[in-house]
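Below is one structure, written out as structure tokens; comments come after it.
Atoms considered below: every heavy atom in the structure, side chains included; atoms not considered: hydrogens, waters and symmetry mates. Chain naming here is simple, since letters A, B, ... match the order of the sequence lines and numbering starts at 1 in each. Since we're looking at a predicted model, the values are computed, not measured.
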There are 2 protein chains.
Amino acid sequence: MTQPVAERAYDHTKSLILSGGFAGGELLSEVTIADELGISRTPVHEAFLRLEGEKLLSLAPRRGAAVVPMAPDEARDVLEMREAIECSTARRALGAGALPSAVLAEMAANVDRQRELAAAGDEERFVELDSAFHAILIRASRNATALFFHELLRDRQHRLRHQLLQVGPQEVAGALAEHELMLAAAQRGDADELCRLISGHVRRHRGIL
Amino acid sequence: MTQPVAERAYDHTKSLILSGGFAGGELLSEVTIADELGISRTPVHEAFLRLEGEKLLSLAPRRGAAVVPMAPDEARDVLEMREAIECSTARRALGAGALPSAVLAEMAANVDRQRELAAAGDEERFVELDSAFHAILIRASRNATALFFHELLRDRQHRLRHQLLQVGPQEVAGALAEHELMLAAAQRGDADELCRLISGHVRRHRGIL
DNA sequence: TGACCGTAGCTTGCATGCAAGCATGAGTTC
DNA sequence: GAACTCATGCTTGCATGCAAGCTACGGTCA
């Protein structure tokens, strides 16, 4: 129940960065964050180190921690990696034959909830499900490294989204339609088509960003 | 010149893990490593956190740090990701037209040195250059995220290599030949062929592992 | 005016101390 | 003999203190 304070420091700082309040270059101070949370510098320092490992912070010895600025083509980079990884894992997941019915059921259930949220206009929760939907396929490929990378990409995309764009109803509708097509392709076991859909899906994001 | 002790702790621990002495599950103690290096627990603790972020250590609160065991198909996972990422970045690097001549020159120079090391039978240094060769192409695509991922993959492959196989003269000769073909394809600007070569190259590794 | 120097205040790096969680084994009870 | 309890020694989590590097600024000197 009691969350370790180091974890709180990590979550807090990470959400500060991902929420898009910082364009990049801003210096975060350990003491500031420690005071905000009412804890000592040590766990904050640890959080900073973890975030540096994720390339979200850049630590300058005895100078401070700078929020890594988003490179001008960070969106392109991230989406390119998503395309490469998701397409590769989808091929593998489908390559061995049909997907397990449990996986297909999970995807279908996810799409159902997407439909509800889209109808309700809850964009925030929709993007969470969007991310989870893609993660299902990756998990089905049983490639732990791919899943690890996907989480890192998700964070970066999160930041891009808050920084650069508002997701509106039409983006949601478009994404939903494409997810439905992807589900259908997965059910048919059509890896080529699924891969094509993923590419289009991701590239459309890129058009938006 | 004076390397921070936290950095030494990180390097030391990481090389312990990557060198293959641990099959996985072994508990590393902060105090043990701190004593080995003659430093206090704090920087060791920080190193452990960073390594947990790279999924090389698994920290159990107040119990210890366990070396993450290599999954039975870790080799497959890692090489699958390498194929996906390298192929994607190669296409992008070549997609915009011919590679800058500086990049081609760097690749050629690298291959030349590979040839020397292969002739000298220096396998250890050869694999370093091997890795650097692949990194050149990724760097040419100017995708920082891809480069980041490639470094993570390199570490894992490093560990796999020490754990599972000895690189012998014939593997070196085969890799060198394939690198030469890749260089030629890059010089011609033939992305499809380059991608095909990368796939074969990586899959041959997989046969070895 | 411009360059230089030193100091004050910031920052983090690291060592240390204390407390608390967790495992293990001895001792007890049934 | 089996289960249960508790104490001991292990581990890490976190706070704190001190030292050292970096920056900026005010003063001095040419």
Under 4.0 Å between a side-chain N/O of [X] and OP1 or OP2 of [N], yes or no?
X	N	result
B:H45	D:dG13	yes
B:R63	C:dA23	yes
B:T42	C:dC14	no

Rounding to a whole Å, what distance do you find between [X]:[atom1] and [N]:[atom2]?
X	N	atom1	atom2	result
B:F48	D:dT12	CZ	C1'	11 Å
B:E7	C:dT12	CD	P	17 Å
B:L49	D:dT12	CG	C1'	11 Å
A:L59	D:dG21	CG	C1'	15 Å
B:L57	D:dT11	CG	C1'	15 Å
A:Q3	C:dA20	CD	C1'	18 Å

Touch check for B:A6, heavy atoms < 4.0 angstrom, all strands: base, sugar-phosphate only, or nothing? sugar-phosphate
Over all strands shown, is A:I39 touching base, sugar-phosphate only, or nothing at heavy-atom distances under 4.0 angstrom?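 The residue A:I39 makes sugar-phosphate contact but no base contact.
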So does [X] pair up with [Y], basic N to acidic O under 4.0 Å?
X	Y	result
B:E74	B:R159	no
B:D155	B:K14	yes
B:R50	A:E46	no

Testing C:dC14, D:dC14, D:dT11 for proximity to the side chain of B:V31, the answer is D:dT11
Judged by each residue's nearest nucleotide on DNA chain C, which is more toward the 5′ side, B:E46 or B:R41? B:E46
Could you give the distance from CZ (A:F149) to CZ (A:R154), rounded to the nearest 0.5 Å? 15.0 Å
Counting only heavy atoms not in B:R142, do more than 12 sit closer than 6.0 Å to its CZ atom? no
Is any side-chain N or O of B:R62 under 3.5 Å from a base N or O of D:dT11, one able to act as donor and the other as acceptor? no
Between A:G38 and B:E30, the residue closer to the 5' end of DNA chain D by nearest nucleotide is B:E30
